[in-house]
Engineer: 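Questions regarding the structure given below will be posed in turn.
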Amino acid sequence: MKPPPLFLFLLHLLLLLFIATNATKLTALSPTPSPTPPTTSKSSTSALDPQQIRALQSLHIPTTRDPCIQPSPHNATICDNSKPFRHLISLDLFNCSSDLSLSFTALKSLSSLHSLSFTNCRASPIRFPSHLSLSLTSFSCIHSLRRLTGVWLSRFVNVTDLTVSYTSINTHGLYVILGNMHKLKTITISHANLTGSLPRHLHLNLTHIDLSNNKLKGKIPTSLTLLEDLEFLNLSSNGLNGVIPTEFGDLISLKNVSLASNSFSGPIPDSLSAIPGLVHVDLSNNQLNGTVPRFFSELKELKVLNLENNKLHGVLPFNASFIKRLDVLKVGGNGNLCYNHSVLSSKIKLGIAPCDKHGMPMLPPPTKESSSGDSESESSDYDYDDDGAEGANEKKGHHHGPNKVVLGVAIGLSSIVFLIVFFVLLSKWCR
């Protein structure tokens, strides 16, 4: 006899309940692993050394937040991963409060620093602990630390990057600062009232030199031309003089050079053509003479060429395609320099005149003077066109030559007067 459907349904339901109940008991009896706590940046990272926290507080640097994780608005920090406490390896201070005090004790606690930077921090410098002076590989001071001296800076003997800008330095020469910095690669000392001359001995691993806007005098020493790794050189706005050394082409890695606003004389050395990677060349505001070298147009990377306000002469040896390739070309202020108007259009504003057939600058014709007062409408700066000297002379003859009609009338009237006088005198003589 077949069991009824209701009986089978109830039997299946009881079986399912039995299985579910025993499964729950087995789960409850089995051991459960402890939950893994979530990792956070603070739990996985040790805190900053308490001595360094106190040092930052003594420098009026907020430490309510962990400086290694959340720098304050007036500093930027980098910490190492040492345990049980982390240590500062980089500290940048900017827009410091007026009561910033660089105590010797606080700085001694920061001897783990490798990089220290001040920007707009007008505190007075003090003696740095020897451990801190030796540990620094990068030091920067911009608009900061009044009354710096060369001897004070010279203690950072292990720095590879030195920057002092818009801060006066009292020193008897640049060598006082750089003499023992044998690891130095980049140096920027600008707007620092620096006096003396360029040192005769420079470290060969230098790649960046910026000594602009100081009071340096004298000539470029041969030692500078030995820096084969030098990529950036800025000696602008000083009192340097003499010729640019012919050995300048030995700076084979140079990309950016500015000797502007000095008193350099002599020609532009042809050896510059041996520096294939030149991108930026500024020799403006000097007393350089001679012609503009043609090799500039052969420098494939060149983008900026500034030769204005010198004593260069002759024909500019550039064509339109080279000029268009440049981002900046300045050659104005060279009174005896001109361009070939058959090669370059006057629409290219170069600030120099076109050449005549002798290769000399063409003088602009005088402006038209009119008694009716129209002279004011004539431009005082004559716009040269490509017709050359002949066209200019034709215009001059057309505007300023005598009127032929007026000349004919004057001759006719003079002849009539002469005849009248002649006949009067003849009639008196016949009587």
Engineer: Suppose we screen for side chain to side chain contact (heavy atoms under 4.5 Å, CB included). Which residues come up paired with Ser130, at least two apart in sequence or across chains?
Structural biologist: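 Partners of Ser130 by the side chain to side chain contact (heavy atoms under 4.5 Å, CB included) criterion come out as none, since no residue qualifies.
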Engineer: Set out, in order, the CA-CA distance, both residues' side-chain angles and the distance that settles side chain to side chain contact (heavy atoms under 4.5 Å, CB included) for Leu174 and Ile189, then state yes or no.
Structural biologist: CA-CA 10 Å; Leu174 190 59; Ile189 301 181; 3.9 Å; yes
Engineer: If the condition is side chain to side chain donor-acceptor pair (under 3.5 Å), which residues does Lys303 pass it with, not counting sequence neighbours?
Structural biologist: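 Side chain to side chain donor-acceptor pair (under 3.5 Å) check on Lys303 returns nothing, list empty.
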Engineer: Does any pair with a residue in residues 217-239 pass side chain to side chain donor-acceptor pair (under 3.5 Å), and if so which ones, sequence neighbours excluded?
Structural biologist: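 Sorted pair list: Asn234-Ser236.
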Engineer: When the side chains of residues 289-302 are checked against the rest of the protein, which donor-acceptor pairs come out under 3.5 Å, sequence neighbours left out?
Structural biologist:
unit_1	atom_1	unit_2	atom_2	d
Ser297	OG	Arg294	O	2.8

Engineer: If we count only N and O atoms by modelled type, under 3.5 Å, do the side chains of Asn95 and Asn120 hold a donor and an acceptor together?
Structural biologist: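 Asn120 and Asn95 do have a side-chain donor-acceptor pair below 3.5 Å.
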Engineer: Testing the basics here: between Thr119 and Ser117, what is the closest heavy-atom pair and its distance to 0.1 Å?
Structural biologist: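 In terms of heavy atoms, the two residues are closest at OG1-OG, 4.1 Å.
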Engineer: Could you pull out all residues at least two apart from Val151 that satisfy side chain to side chain contact (heavy atoms under 4.5 Å, CB included)?
Structural biologist: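 Counting only residues at least two positions away or on another chain, Val151 forms a side chain to side chain contact (heavy atoms under 4.5 Å, CB included) with Thr149, Ser154, Arg155, Val176.
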Engineer: In terms of relative ring orientation, are Phe156 and Trp152 parallel, tilted or perpendicular, with 30° and 60° separating the classes?
Structural biologist: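 Aromatic pair Phe156/Trp152 classed perpendicular.
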Engineer: Val304 and Asp282: side chain to side chain contact (heavy atoms under 4.5 Å, CB included), yes or no, with the steps?
Structural biologist: CA-CA 8 Å; Val304 175; Asp282 188 351; 6.0 Å; no
Engineer: Tell me which pairs pass ring pair (Phe, Tyr, Trp, His ring centres under 6.0 Å) where either residue lies in residues 247-287, with sequence neighbours left out.
Structural biologist: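 Non-adjacent pairs meeting ring pair (Phe, Tyr, Trp, His ring centres under 6.0 Å): zero.
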Engineer: What pairs with Ser109 under side chain to side chain donor-acceptor pair (under 3.5 Å), at least two apart in sequence or on another chain?
Structural biologist: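 For Ser109 there are no side chain to side chain donor-acceptor pair (under 3.5 Å) partners, ignoring immediate neighbours.
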Engineer: By side chain to side chain contact (heavy atoms under 4.5 Å, CB included), which residues pair with Asn336, not counting sequence neighbours?
Structural biologist: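 Side chain to side chain contact (heavy atoms under 4.5 Å, CB included) check on Asn336 returns His313.
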Engineer: So, does Ser284 use its side chain to make a donor-acceptor pair with the main chain of Ala260 at under 3.5 Å?
Structural biologist: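 Here the side-chain-to-backbone pair does not exist.
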Engineer: Using the side chain to side chain donor-acceptor pair (under 3.5 Å) criterion, which residues pair with Asp270? Sequence neighbours excluded.
Structural biologist: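 Side chain to side chain donor-acceptor pair (under 3.5 Å) check on Asp270 returns nothing, list empty.
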Engineer: Holding to disulfide bond (SG atoms under 2.5 Å apart), I want the full list of residues that pass it with Cys338, two or more places apart in sequence or in another chain.
Structural biologist: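 For Cys338 the disulfide bond (SG atoms under 2.5 Å apart) partners, ignoring immediate neighbours, are Cys355.
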Engineer: Mind checking what makes side chain to side chain donor-acceptor pair (under 3.5 Å) contact with Ser261, not counting sequence neighbours?
Structural biologist: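 Result, side chain to side chain donor-acceptor pair (under 3.5 Å) vs Ser261: none returned.
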Engineer: Just grab all the ring pair (Phe, Tyr, Trp, His ring centres under 6.0 Å) pairs involving residues 185-235, residues at least two apart or on different chains.
Structural biologist: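 Qualifying pairs, neighbours excluded: Tyr166-His191, His182-His203, His208-Phe232.
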Engineer: Determine yes or no for a side-chain-to-main-chain donor-acceptor pair under 3.5 angstrom, with Asp210 supplying the side chain and Ser212 the backbone.
Structural biologist: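 Between the backbone of Ser212 and the side chain of Asp210 there is a qualifying donor-acceptor contact (under 3.5 Å).
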Engineer: Out of Arg86, His131, His87, which one pairs with Ser112 under the side chain to side chain contact (heavy atoms under 4.5 Å, CB included) rule?
Structural biologist: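 The single option meeting the side chain to side chain contact (heavy atoms under 4.5 Å, CB included) with Ser112 is His87.
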Engineer: Under a 3.5 Å distance rule, please check whether Thr137 uses its side chain to pair with a backbone N or O of His114 as donor and acceptor.
Structural biologist: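 Yes: the side chain of Thr137 pairs with the backbone of His114.
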Engineer: Any sub-3.5 Å donor-acceptor pair from Asn262's side-chain atoms to Asn241's backbone N or O?
Structural biologist: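 Here the side-chain-to-backbone pair does not exist.
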